[in-house]
There are 2 protein chains.
Amino acid sequence: MAENGSPGGETLLFLTDEQLRRGIEAMFFAYRAFTADPDRLLEEYGYGRAHHRALHFINRQSGLTVTTLLAVLGVTKQSLNRVLRTLIEDGLVESRVGRRDKRERQLYLTDAGAVLERSLSEAQRGRMRSAYRTAGPQAVAGFRQVLEAMMGPDLQRLYQQMKDE
Amino acid sequence: MAENGSPGGETLLFLTDEQLRRGIEAMFFAYRAFTADPDRLLEEYGYGRAHHRALHFINRQSGLTVTTLLAVLGVTKQSLNRVLRTLIEDGLVESRVGRRDKRERQLYLTDAGAVLERSLSEAQRGRMRSAYRTAGPQAVAGFRQVLEAMMGPDLQRLYQQMKDE
DNA sequence: TTGGATAGTCAACAAGACTGACTTAAAGTC
DNA sequence: GACTTTAAGTCAGTCTTGTTGACTATCCAA
């Protein structure tokens, strides 16, 4: 019922349902805060979270194809297309015909797109930076370990691939 | 560019944008996995994530009022009401007029509601448990520390209150 | 007892996810 | 060269979940 003592360790095998539930609730509340800052900014531009995600990954991996982005975001192409179309119309994203395979479309941020991506990213990094500083480097390492274990093999592969490219 | 060495610590003040971005992406992918298991179950019942959240917190704090639940979930009461109505109609949640204040409605899970909550929770705890086991107790402590720092004061207060009641 | 604040409900709308069916263009294969 | 597959995009329709605005019921205090 009450929190188990010995905060550091030794309690590995005593994973009570209560401890797990606390973890679940922490994820819920933290994710809400995590998205809150960019959400405020996005609203000013009339965009949503979906636009942010697209901008983020196009920035991260410039020139990626629509299919790749689809896999990373885990949504249907109809859903992505709605978002992508407005970003292209508004001049934040550019879609170029693939060099090798002309069926593909490669996605790039325009200068304006890079500006918005940067301010969204900065809002989100601000909170992350402050959380990291508060919790300390050892906690940060643990944070990343648990998240990586939580994503499961498929998403973990995506996540790791992103590091290299 | 590359991941800094010395996995344990010492890198506190070297919070590069790249490191922060990795954290952001880890949150994104992990949260997706985090919700995937209960989502599959919910679909069988014709419910969504909002129903899960309501069931979770009603179970956690039996007899809480609609207003309290509203604050915890961070949505508008109209949005919550739609979800709550279907849960009540389907006999998973009971809404009783408040004893002291008759304007209030106190919310309780029925037996059927408790059964569904339990299976949703079990699905979610399964992934959490496995991530905790993989990462180890020290990582778990860090995970919780970073999440708590990330939620900010308001949500952290809600989160902490929930522990006691 | 009247009038304002609070708790909750009903109605209508928008964003963003989904499925399904289809087109176009390019690439690959027999 | 004809056929199939693949990448991208489109149109239509649905669902969940968020929103605002207008409303009712209850409580409390002047």
Side-chain angles (χ1 to χ4, degrees), chain A residues 28 31-32 35-36 38-56 58 63-90 93-108, chain B residues 28 31-32 35-36 38-58 63-90 93-108 120:
Chain A
F28 172 66
Y31 197 80
R32 212 160 97 193
T35 54
D39 279 358
R40 263 188 295 279
L41 250 168
L42 286 159
E43 203 181 0
E44 295 174 22
Y45 289 80
Y47 292 136
R49 232 172 258 182
H51 300 84
H52 181 193
R53 293 196 283 258
L55 290 174
H56 175 98
I58 294 171
L64 88 178
T65 65
V66 172
T67 303
T68 306
L69 185 53
L70 237 37
V72 170
L73 296 176
V75 296
T76 60
K77 69 178 169 180
Q78 293 91 330
S79 193
L80 173 59
N81 209 261
R82 189 181 340 100
V83 166
L84 228 38
R85 190 165 39 199
T86 71
L87 290 174
I88 292 169
E89 280 171 5
D90 295 354
V93 167
E94 198 185 343
S95 164
R96 299 184 206 154
V97 173
R99 277 189 313 285
R100 292 178 307 194
D101 189 332
K102 289 181 186 168
R103 290 171 306 178
E104 295 181 341
R105 297 289 178 274
Q106 296 190 293
L107 302 170
Y108 299 87
Chain B
F28 172 67
Y31 196 80
R32 213 161 97 191
T35 54
D39 279 358
R40 263 189 295 279
L41 249 168
L42 286 159
E43 203 181 1
E44 295 174 22
Y45 288 78
Y47 292 136
R49 235 173 254 183
H51 299 84
H52 181 194
R53 294 196 283 258
L55 290 173
H56 175 99
F57 288 109
I58 295 172
L64 86 177
T65 65
V66 172
T67 302
T68 305
L69 186 53
L70 237 37
V72 170
L73 296 177
V75 296
T76 59
K77 63 183 168 178
Q78 294 88 331
S79 189
L80 173 59
N81 207 260
R82 189 180 335 100
V83 167
L84 230 36
R85 188 167 39 201
T86 70
L87 290 174
I88 292 169
E89 279 171 5
D90 296 352
V93 167
E94 198 185 344
S95 164
R96 299 182 204 155
V97 173
R99 279 188 311 284
R100 293 177 307 193
D101 189 332
K102 289 180 187 169
R103 290 173 304 181
E104 294 180 341
R105 298 288 178 275
Q106 297 191 295
L107 302 170
Y108 301 87
L120 290 170

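These numbers were taken from a predicted model, which means no experiment stands behind them.
Of the residues in residues 81-89 of chain B, those with a non-hydrogen atom less than 4.0 angstrom from any atom of DNA chain D are Arg82(B). Contacts with DNA chain C (heavy atom under 4.0 Å) in residues 44-56 of chain B: none are found.
Between Arg85(B) and Glu89(B), the closest side-chain pair of non-hydrogen atoms falls below 4.5 Å. The side-chain heavy atoms of Asp90(A) and Tyr47(A), taken from C-beta on, include a pair separated by under 4.5 Å. Here the side chains of Leu107(A) and Leu84(A) are in contact, with some heavy-atom distance below 4.5 Å. Inter-residue side-chain proximity for His51(B) and Leu87(B) is flagged as met; some heavy-atom pair is nearer than 4.5 Å.
For the helix from dT1(C)-dA30(D) to dC30(C)-dG1(D), the rotation axes defined at the first and last 5 base pairs enclose an angle of 10°, given to the nearest 10°.
For residues 45-54 of chain B, the pairs satisfying salt bridge (charged side-chain N to carboxylate O under 4.0 Å, His left out) are Asp39(B)-Arg49(B), with sequence neighbours left out.
Arg99(A) places no side-chain N or O within donor-acceptor distance of the main-chain N or O of Val97(A), the cut-off being under 3.5 Å.
Spacing between atom CG of Leu69(B) and atom P of dG8(C) amounts to 10 Å, rounded to whole angstrom units. Per the geometry, CG belonging to Leu80(B) stands 11 Å off P belonging to dT19(D), to the nearest Å.
OP1 and OP2 of dA17(C) both lie 4.0 Å or more from every side-chain N or O belonging to Thr76(A).
In this view, Arg32(B) and Leu155(A), Phe28(B), Phe29(B) satisfy the side-chain contact (heavy atoms from CB on, under 4.5 Å) rule, not counting sequence neighbours.
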Table of protein N/O atoms under 3.5 Å from nucleotides 3-7 of chain D N/O atoms:
residue : atom : partner   : partner atom : Å
dT6(D)  : O2   : Arg103(A) : NH1          : 2.7

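If you check distances only, the side chain of Gln78(A) never reaches the base of dG13(D) with a donor-acceptor pair under 3.5 Å.
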